[in-house]
Amino acid sequence: MRISVAPKPVHCRCPVPSKWRAEVERVLLTDAQIARRVQTIAREIERDYHGREMVVVALLNGTVLFLADLIRHLSLPLRLDFMGVSSYGSGTTSGELVFTKELQLDVCRRDVLLVDDILDTGTTLSRVLPKLRALQPRRIKVCVLLDKPARRVAKVAADYVGFEIPDVFVVGYGLDYAEKYRNLPFVGVLKPAMYKL
Ligand code: IMP
Ligand code: MG
């Protein structure tokens, strides 16, 4: 069950930093907005887990920034592992899903927190969740930074959602287009010209 309602980004007047102005149309979420929300989610997770040990399973590569910020606010005993999932689609659409790294830790009878960057069509999580469930964890909760409910195809929902966003292609704070823009400290809307070349 979702613990709190994910806020929708309010219209952000923050200008795109000049270095990114040619490629990014507008800032959707500032680094300050993200930082506040990540802290709130961490508090919700802490409350829900009551100090129980958990295994955090993060999907590579989009979660790196979100994950680093989230877990430093979790005062719980936790172990961290990664699954590599790559979608060999072209442009902004998902293609065939390929697992590029398997889990190393044993999650049998453990509490798992699965972390992803964005829940879009739901295809990724609908492939990853059965794979994790087959390892017989005690329970799995799903935490995503962003949720684009308008694009959902697979029946999958997250327990913790940072922000609910409209149907726009975003980059930054870990999210990429063709492996670029992950290092932006904010989440911005990519100019369509960048992927309609
Ligand atoms: P899904 O399988 O359609 O739910 O999409 C999940 C994956 O698609 C994410 O982990 C991202 O890698 C990618 N993705 C979906 N929407 C966006 C976006 O707006 N920007 C960057 N990546 C996205
Ligand atoms: Mg991804």
Side-chain angles (χ1 to χ4, degrees), residues 2 6-9 12 16 20 23-31 33-34 37-38 41 56-70 81-103 112-133 140-197:
R2 184 173 293 180
K8 295 189 171 114
C12 177
V16 176
W20 300 109
E23 294 144 277
V24 175
E25 195 168 87
R26 65 188 164 96
V27 174
L28 190 67
L29 300 164
T30 64
D31 52 353
Q33 281 176 299
I34 296 168
R37 183 65 186 151
V38 170
I41 296 176
V56 175
V57 174
L59 301 188
L60 295 169
N61 299 331
T63 52
V64 280
L65 275 73
F66 176 42
L67 177 75
D69 288 340
L70 181 73
D81 202 355
F82 297 92
M83 278 170 94
V85 191
S86 231
S87 152
Y88 290 104
S90 60
T92 56
T93 56
S94 309
E96 198 193 334
L97 221 64
V98 178
F99 286 91
T100 56
K101 188 202 169 293
E102 299 292 335
L103 211 58
V112 170
L113 181 71
L114 177 61
V115 179
D116 202 5
D117 53 0
I118 180 166
L119 179 51
D120 184 26
T121 63
T123 312
T124 305
L125 289 184
S126 70
R127 288 280 309 279
V128 170
L129 281 167
K131 209 172 149 76
L132 265 180
R133 283 191 198 112
I140 306 173
K141 293 247 178 193
V142 176
C143 173
V144 295
L145 174 71
L146 305 174
D147 184 7
K148 256 193 231 179
R151 301 237 319 153
R152 198 80 83 254
V153 175
K155 196 172 175 294
V156 44
D159 300 283
Y160 308 99
V161 175
F163 298 91
E164 197 178 296
I165 65 164
D167 184 10
V168 286
F169 193 80
V170 291
V171 292
Y173 196 64
L175 289 117
D176 74 307
Y177 171 67
E179 295 303 323
K180 283 177 69 187
Y181 310 111
R182 293 196 197 275
N183 53 320
L184 273 53
F186 58 92
V187 171
V189 179
L190 190 63
K191 286 190 177 174
M194 301 316 298
Y195 48 83
K196 285 184 184 152
L197 290 172

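This is a predicted model, so every value here is computed, not measured. Whatever order the structure lists ligands and atoms in, that order sets their numbers, starting from 1.
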S.K.: Take every heavy atom of D176, measure it against each atom of ligand 1, and state whether any distance is under 4.0 Å.
M.R.: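 Right, D176 reaches ligand 1.
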S.K.: If you count the atoms of ligand 1 from 1 in the order shown, which ones are under 4.0 Å from a heavy atom of D116?
M.R.: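 Result: 10 (O).
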S.K.: Atoms of ligand 1 less than 4.0 Å from V168 heavy atoms?
M.R.: 19 (O)
S.K.: Can you check which of D117, L175, V171, V85 brings a heavy atom nearest to atom 9 (C) of ligand 1?
M.R.: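 Ranked by closest heavy atom to atom 9 (C) of ligand 1, first place is D117.
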S.K.: Taking atom types as modelled, find out whether Y177 and E23 have a side-chain donor-acceptor pair closer than 3.5 angstrom.
M.R.: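 Judged by distance alone, the side chains do not pair up.
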S.K.: So if I count the atoms of ligand 1 from 1 in the order they appear, which ones are less than 4.0 Å from some heavy atom of T123?
M.R.: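 Every atom of ligand 1 under 4.0 Å from some heavy atom of T123: 1 (P), 2 (O), 4 (O).
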S.K.: Contact between ligand 1 and L190 is defined here as a heavy atom of the residue under 4.0 Å from a ligand atom; is it met?
M.R.: no
S.K.: For R37, is there an ion pair with D69 - N to carboxylate O distance below 4.0 angstrom?
M.R.: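 Looking at R37 together with D69, the answer is no, because their closest N to O distance does not fall below 4.0 Å.
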S.K.: Can you list everything that forms a salt bridge (Lys or Arg N to Asp or Glu O under 4.0 Å) with K8? Sequence neighbours excluded, please.
M.R.: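 If we apply the salt bridge (Lys or Arg N to Asp or Glu O under 4.0 Å) test to K8, skipping adjacent residues, the hits are E164.
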S.K.: Dump the intermediate steps for side-chain contact (heavy atoms from CB on, under 4.5 Å) on M194 and Y181, then the final yes or no.
M.R.: CA-CA 12 Å; M194 301 316 298; Y181 310 111; 3.9 Å; yes
S.K.: Looking only at N/O atoms, are V170 and ligand 1 under 3.5 Å apart anywhere?
M.R.: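 Looking only at distances, the answer is yes, because the N/O contact criterion of under 3.5 Å is met.
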S.K.: Taking only heavy atoms of K148, which atoms of ligand 1 are found under 4.0 Å from at least one of them?
M.R.: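 Counting atoms of ligand 1 from 1, those under 4.0 Å from K148 are 16 (N), 17 (C), 18 (C), 19 (O).
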S.K.: Short list, please: which atoms of ligand 1 are under 4.0 Å from a heavy atom of G122?
M.R.: 1 (P), 3 (O), 4 (O)
S.K.: Are any of the N/O atoms on L125, whether in the backbone or the side chain, positioned under 3.5 angstrom from an N/O atom of ligand 1?
M.R.: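 Between L125 and ligand 1 (N or O atoms, distance only) the closest approach is not under 3.5 Å.
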S.K.: Looking at D81 and V57, would you say the former's side chain and the latter's main chain have a donor-acceptor pair under 3.5 Å?
M.R.: no
S.K.: Quick one: does any side-chain atom of K148 pair with a main-chain N or O of I118 as donor and acceptor, under 3.5 Å?
M.R.: no
S.K.: Would you say R182's side chain and Y173's backbone share a donor-acceptor pair under 3.5 angstrom?
M.R.: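 No, the answer is negative, given that no donor and acceptor are paired below the 3.5 Å cut-off.
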